[in-house]
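Just dropping this structure here.
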Amino acid sequence: MLTSFFVYFCLWNFSVVAQTGNETGPIPYRLQTPLLDTAWTNNFSTHPWPEHPRPLLRRESWQTLNGIWTYQPSSGGDDLATPPSLPLSQEILIPSCVESALSGIMSSGVMHMWFATSFAAPDGRNESERVILHFEAVDYETTVLLNGKRIGFNRGGFFRFSIDITENLKPDGPNDLQVSHVLVFVFDPTDDAAYHIPVGKQTRDPSHIFYTPCSGIWQTVWLETVPATFITSMDIAAGMDGTVSGTIYSSQNSSQPVNIAILGQSGKVLATYDGFSDQLFNFTATSPKLWSPDSPNLYDIVVSMGLDVVSSYTGFRTISSGIVKGVQRPLLNGKFVFQFGTLDQGYWPDGIYLPPSLEAMLFDLKLLKSLGMNMVRKHIKVEPDLFYQACDQLGLLVIQDMPSMPVGGSPSPSDQAEFERQLEIMVNEHKSYPSIVTWVIYNEGWGQITQPYHPEKQIAERIRKLDPTRLINAVTGWHDHGAGDFHDSHHYAEPQCGTPFYSRPGVPYDPSRIGFQGEFGGVGHVPELKNLWPVQKAVSSIPDTYELNEDLDAYNYRSHQLLDHLRDQVARFACSGAVWTQTTDVEGEVNGLVTYDRRVMRVKATQWKEDIQALYDAAEGRI
Ligand SMILES: *[C@@H]1O[C@H](CO)[C@@H](O)[C@H](O)[C@H]1NC(C)=O
Ligand SMILES: *[C@@H]1O[C@H](CO)[C@@H](O)[C@H](O)[C@H]1NC(C)=O
Ligand SMILES: *[C@@H]1O[C@H](CO)[C@@H](O)[C@H](O)[C@H]1NC(C)=O
Ligand SMILES: *[C@@H]1O[C@H](CO)[C@@H](O)[C@H](O)[C@H]1NC(C)=O
Ligand SMILES: *[C@@H]1O[C@H](CO)[C@@H](O)[C@H](O)[C@H]1NC(C)=O
């Protein structure tokens, strides 16, 4: 870390308070009391998420800007013309959703808002080096001002954007002259009828299966110093035959000599390659240990391009679709591997879209792994990169959904174009994570144009070109028109996975594609009040749960029955994987393996482990 290079200041402690016109300063940060807390709520830091936020492209020279910033709601988009004076009215913890208790704000219904911080220019920086400001995710539209000048704009709540700020930094000089001021204006039109945007499960009027929204800077903000010519991004894929292929992109967009070294255990070089940036490369490593959920072997990578040296990693594995004993199957390293995991919403009562810490995030994933699951379906949300790194390391196959546009209404051509643009960003930004095996375009018709032309057909073809190394689940549930690699049905509670019978809204199984149960289970149980999200609208929607069980014995009995029916379908029919709803309770949904506060474990671990192992055994019997 560049701790010694970047020293940043809380502006109101600093000598430039004179320019603010407010002697009392902002309201100090205070953790708000969430409606429901977790074991990690109070164990948070005012320097949250200290981990390097981009594990697939790391340099030594970086500095987080996470911490206490100032915040102020704003009346409208016109305010951008007259930025407020500093400091803003209230301290806020960054990253966070302004709706969350962790933010210190916990307000709802804000559509326009300002955020501010300041930092000193990198000290002792070589004149030729560049300074890049990275935002990992801001929901939804962001305008960035540095030292009063507009330097960047981004649209989309889930993806990274980066700005070269070198020319706009305050020049080197004594003390306060070096301090640069960042002002961020955010517009989040969730639920505004004029905006049909990818929101996933967020709504300003939450109940039942839709939840509290997230607005603002909800992932890490950081600075990085790079050489004049630097690596901007890398696509790296490694297959079961040892082939490593991809592209190293340079800031010059032109061929620069690059060296790629794949390192084995204890830093031993497994393979090395000399080639050029901005063009496809491929080379072969001899006998790598393959990556799989059972043995998640990863290899470190060092890429050098001129003065730039970056670290990354990969896993050797091949995803494909093929016929095994007459049935279309998803293959991992050439073998049929039955995929079983949960629908994973990634919501938290204290942080909404972002857990209090990495430790909290890992709790959910380790729970799945401990029950013997080998997969997780990341449901209409995109997580911080550390989530995907954890799946790589733990050995969890990831089915990654595109965040859906709102249910109901129909996207205009420009809404649709923006949805597809963001989908391509999702694929490009994440396609080097070995654990991701499948891209999902649409969930249950949400935001899906269902009349012909059936957009998912051409979208699936385009995604296939962007990323030929993975499978595509064009529609999980409901309006299937034959696109993609899967025929995926949703049935609560009873599964119908690749079966020769079907009920509404199902259609007969299409044997030319992989039979998949994209959602089932969903059996619920009302927890004690102390483990429940205490919001009337959420509580009132509990009777809408697909099935409620009186107690945990009944919950486990029904879970066992459903898993056993699924096992029978795996043994008899064309069932290649299934997604259990869901990892945790969320607000008014009470069907988690664990409650929303992660305090009451519903599952009897021994029984579940046996039932899940029985699924793999049934699949093994079909090979
Ligand atoms: C609290 O945070 C510290 C430091 O991050 C960590 O070591 C500890 O395990 C955490 N405790 C709990 C209960 O989360
Ligand atoms: C200064 O800011 C505080 C906190 O926002 C506010 O309560 C106070 O009214 C402001 N004072 C002036 C003089 O603007
Ligand atoms: C910056 O660093 C590069 C590489 O180390 C070196 O060639 C160059 O002379 C340096 N420039 C300055 C102004 O120090
Ligand atoms: C390289 O391409 C990017 C994206 O098109 C562009 O923003 C950038 O200015 C280009 N850089 C150079 C040096 O041409
Ligand atoms: C590897 O690159 C060579 C030429 O650079 C090309 O002919 C070959 O098709 C590539 N192989 C793969 C698997 O991409």
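All values below were derived from every heavy atom in this structure, side-chain atoms included, with hydrogens, water molecules and symmetry-related copies excluded. The chain is numbered in sequence order, starting from 1. Atoms within each ligand, like the ligands themselves, are counted from 1 in listed order.
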Contact bool for atom 5 (O) of ligand 4 (protein heavy atom, d < 4.0 Å):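 False for atom 5 (O) of ligand 4.
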Trp114-Phe185 aromatic ring centre distance below 6.0 Å: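 Between Phe185 and Trp114, which both carry aromatic rings, the centre distance is below 6.0 Å.
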Face-on cation placement of Lys201 at Tyr347 ring, 6.0 Å and 45° thresholds: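 Judged by the rule, Lys201 and Tyr347 form no cation-pi pair.
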Closest protein heavy atom to atom 3 (C) of ligand 4, given as residue, atom name and distance to 0.1 Å: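 The answer is Asn253 ND2, 3.6 Å.
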Passing candidate, side-chain hydrogen bond (donor to acceptor under 3.5 Å, both in side chains) with Asn428, options His430, Glu424, Lys431: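 Among His430, Glu424, Lys431, the one that satisfies the side-chain hydrogen bond (donor to acceptor under 3.5 Å, both in side chains) with Asn428 is Lys431.
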Proximal ligand 4 atoms for Ser251, defined as those under 4.0 Å from one of its heavy atoms: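 Those atoms are 11 (N), 12 (C), 13 (C).
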Quiz item: cation-pi between Lys381 and Phe158, 6.0 Å / 45°: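 No, Lys381 does not lie over the aromatic ring of Phe158.
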Verify atom 11 (N) of ligand 4: protein non-hydrogen atom under 4.0 angstrom away: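 Yes.
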